[in-house]
Amino acid sequence: MQKALLAWYDRHRRVMPWRATAGQRPDPYHVWLSEIMLQQTTVATVGPYFSRFVARWPGVQQLAAASLDDVLAAWAGLGYYARARNLHACAKVVAKAGGFPETIDGLLALPGVGPYTAAAIASIAFDLPAVAVDGNVERVVARVLAIEEPLPAAKPLLRMGAAEIAAKVARPGDFTQAFMELGATICIPRNPQCGICPWQKTCRAYALGIQNELPHKTPKKARPVRYGHVYILQRADQSVLIEKREAKGLYGGMYQFPTSVWQSGVDTHSNGTDTKVRQEANIARKGLTGRDFAAIGEIRHILTHFELRLQVWHSTVTGTVAKDLAAGNNRKWVGLKTLEDYGIPTVMLKALTLVAPQGRRRNG
DNA sequence: TACCCGTGGGA
DNA sequence: TTCCCAAGGGT
C-alpha cells in the first residue's frame with residue numbers, strides 16, 4: 001500500500017508555493033507557515049497569501065520582528081484570525097529559540113500548533129515518522145477500512161487506522177503529503193475517482209460499493225442569525241472612521257467600522273415602531289449620538305456558527321466633528337487607499353462596497 | 001465535550 | 001439558493 005501511494009505521488013504530486021521540489025529538503029519556516037494558513041482553508045486561497053508573507057517576511061526572525069497589526073493586515077481575508085495571532089506569538093518563541101523544535105512534543109507546545117500541524121511539520125520538514133491526520137486522511141481511511149462509525153465520534157478509530165497504514169513508512173514527509181493529496185484529488189468527498197486510485201484494490205468501501213456514502217457524519221446544528229448595525233462615517237476626502245476591536249475573540253485585534261452589538265434572534269432591522277429607539281441606543285452606545293445617518297442597505301455574512309445581518313448606515317462628517325470622533329474609542333480616520341494597511345475583515349469591506357461600489361476587492 | 005472561531009468556491 | 005467543506009486549534 002505504502003509503495004503504491006508513494007509511486008502515485010512521485011508521478012502526480014502538485015506544485016505548490018510552499019512545497020519543495022522532489023528530493024529537496026523543505027524550509028521548516030515555509031512548512032510551518034503554510035500549515036497554519038491551510039487550517040480549514042483551501043490550497044487555492046492560501047497560495048497568494050503565502051507568497052506575500054514569504055516575500056515580506058523571508059524568515060521566522062523577520063516575522064517575529066513584525067508588529068501584530070501588520071501581520072493581521074497581511075492575514076486579512078483568510079479568516080480565523082486567532083491563527084494570525086498565534087502565528088505571531090509562535091514566531092517570537094521560535095526566533096528566540098533559534099529554530100523550530102524537531103520533536104512532536106516540542107512542536108505541540110507552540111501556539112497554534114495542534115496534533116495535526118505538529119505531525120505535519122515533523123514529517124514534512126524533518127522527515128520524522130509522524131502521522132498527520134486531517135480531513136482528507138480521515139475520509140480516505142474511513143473508505144479504505146470501510147469504517148461506518150460517523151464523524152466526529154470516529155476520529156480516534158480513524159487515527160488508529162491511519163497510524164497502521166502509515167507504520168514504518170520509508171519516506172514520512174512524502175507519505176504525509178501523498179496521503180492528503182490522495183484525499184484532495186482522488187478520494188474526494190463526492191464521486192471519488194476510484195478508477196485511477198492507487199489504493200483501489202485494497203479499498204474495502206470500493207469493494208462494498210459504499211465509497212460514496214463514507215464517511216458518515218452526524219448532522220450539524222442550524223445556524224442562528226445575529227442582527228446588528230454598522231456605521232460608516234466619511235469625511236469630505238473620503239477617508240473613513242475605523243476602530244480596533246478587542247484583542248481576543250471574534251475578529252480579535254482587527255479593525256472595523258463602528259458597530260452596534262450583534263444580537264441573536266432579534267431582528268433590529270424591521271420597521272417596527274421601536275426600530276428608531278433601538279438605533280438611537282446603538283448609536284449612543286458608540287458615542288455617535290446626533291449624527292444624521294442614511295440607511296444604505298443590508299449585508300449578509302456567513303460565519304461558522306452564525307449568520308450575520310448588518311444594516312449599513314452612512315454619514316458624511318466635516319472638520320471639527322471629525323476630530324472629536326477620532327478622539328476616543330481607539331478610533332482613527334483612514335483613507336480608502338490605505339485601508340489595506342489595516343486588518344479589516346471581509347465582512348467590513350462588504351459593508352463598504354455599499355458606499356463605494358467600485359471598491360475594495362482584496363488581492364486586486 | 002461542545003462550542004467558538006472566517007471565508008470562498010463548488011455542486 | 002442552499003449546503004458542503006477546506007492540510008484544525010483553543011478553551
Side-chain angles (χ1 to χ4, degrees), chain A residues 14 16-19 26 30-50 72 75-87 89-90 107-125 130-140 151-153 155-156 159 162 173 175-185 188-191 212 215 217-224 226 245-246 248-254 256 262 264 299-308 343-350 361-363:
Chain A
R14 295 176 290 175
M16 297 178 188
W18 49 86
R19 181 171 283 176
H30 291 180
V31 175
W32 162 72
L33 178 59
S34 65
E35 288 301 338
I36 302 299
M37 287 183 165
L38 286 163
Q39 289 168 5
Q40 299 290 286
T41 309
T42 59
V43 166
T45 298
V46 166
Y49 281 89
F50 176 85
L72 284 171
W75 195 275
L78 264 186
Y80 286 141
Y81 297 99
R83 290 186 296 168
R85 302 194 297 271
N86 286 329
L87 183 85
C90 183
L107 290 163
L108 273 175
L110 298 172
V113 176
Y116 161 77
T117 305
I121 297 173
S123 59
I124 298 172
V131 184
V133 182
D134 74 329
N136 289 309
V137 171
E138 287 178 347
R139 179 174 57 257
V140 172
L151 283 167
K155 280 176 179 289
R159 200 178 313 125
F175 195 83
T176 287
Q177 297 176 84
F179 215 156
M180 294 189 287
E181 193 130 325
L182 185 70
T185 63
I188 53 183
R190 285 178 294 272
N191 301 316
N212 223 357
K217 300 200 172 184
T218 56
K220 297 177 179 177
K221 291 184 178 179
R223 200 192 320 267
R226 293 185 195 175
R245 290 177 63 91
E246 299 284 314
K248 295 183 179 179
L250 185 64
Y251 298 123
M254 301 289 283
Q256 65 177 8
W262 302 343
S264 188
I299 57 165
R300 297 187 179 194
H301 194 72
I302 308 296
L303 295 91
T304 303
H305 59 293
F306 66 94
E307 173 185 340
L308 182 60
I344 315 267
T346 298
V347 61
M348 290 293 152
L349 295 186
K350 196 183 289 187
R361 292 245 342 146
R362 262 189 248 278
N363 308 334

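Here is how names work: the chains are called A, B, and so on, in the same order as the sequence lines, proteins then strands, and each is numbered from 1.
Note on A/L303: a base of the nucleic acid sits closer than 4.0 angstrom, heavy atoms only. Base engagement by A/I302 is indicated by at least one non-hydrogen atom pair under 4.0 Å involving a base atom.
Residue whose closest nucleotide on DNA chain B sits further toward the 5' end, between A/G249 and A/K350: A/G249.
Of all nucleotides listed (B/dT7, C/dA7, C/dC5), B/dT7 comes nearest to the side chain of A/Y251. Taking every side-chain heavy atom of A/H305 into account, B/dC4 is the closest of B/dC4, C/dA7, B/dG6. Of the candidates C/dA6, B/dT7, B/dA11, the closest approach to any side-chain atom of A/Y81 belongs to B/dT7.
The same atom, C1', is picked in B/dT7 and in C/dT11; the two are 23 Å apart, to the nearest Å. Separation of the P atoms belonging to C/dA6 and B/dC5 is 22 Å when rounded to the nearest angstrom. Taking atom P in both B/dC4 and C/dA7, the straight-line distance is 24 Å, to the nearest Å.
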Which dot-bracket string describes DNA chain B (Watson-Crick N1-N3 plus N6-O4 or O6-N4, or G-U N1-O2 and O6-N3, all under 3.5 Å; [ ] crossing; | other strand)? .||||.|||||

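Annotation: side chain to side chain contact (heavy atoms under 4.5 Å, CB included) contacts of A/P219 (sequence neighbours excluded): none. In this structure, the side chain to side chain contact (heavy atoms under 4.5 Å, CB included) partners of A/K217, at least two apart in sequence or on a different chain, are A/L151, A/P215. Residues passing the side chain to side chain contact (heavy atoms under 4.5 Å, CB included) test with A/S34 are A/W18, A/L38, A/F50, sequence neighbours excluded. With sequence neighbours excluded, the residues satisfying side chain to side chain donor-acceptor pair (under 3.5 Å) with A/R139 are A/N136.
An OP1 or OP2 oxygen of B/dT7 is reached within less than 4.0 angstrom by a side-chain nitrogen or oxygen of A/T346. Within the 4.0 Å cut-off from OP1 or OP2 of C/dT2, not a single side-chain nitrogen or oxygen of A/R223 is found.
By the 30° and 60° cut-offs, the orientation of the rings of A/W262 relative to A/Y251 is perpendicular.
When the P atom of C/dC4 is taken as reference, atom CG of A/N191 falls 16 Å away, rounded to whole Å.
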Filtered N/O pairs between nucleotides 8-11 of chain C and protein, under 3.5 Å:
residue	atom	partner	partner atom	Å
C/dG8	OP1	A/G135	N	3.3
C/dG8	OP2	A/Q40	N	2.9
C/dG8	OP2	A/Q40	NE2	3.4
C/dG9	OP1	A/G114	N	3.0
C/dG9	OP1	A/G114	O	3.4
C/dG9	OP1	A/T117	N	2.8
C/dG9	OP1	A/T117	OG1	2.5
C/dG9	OP2	A/Y116	N	3.3
C/dG10	OP1	A/G112	N	2.7

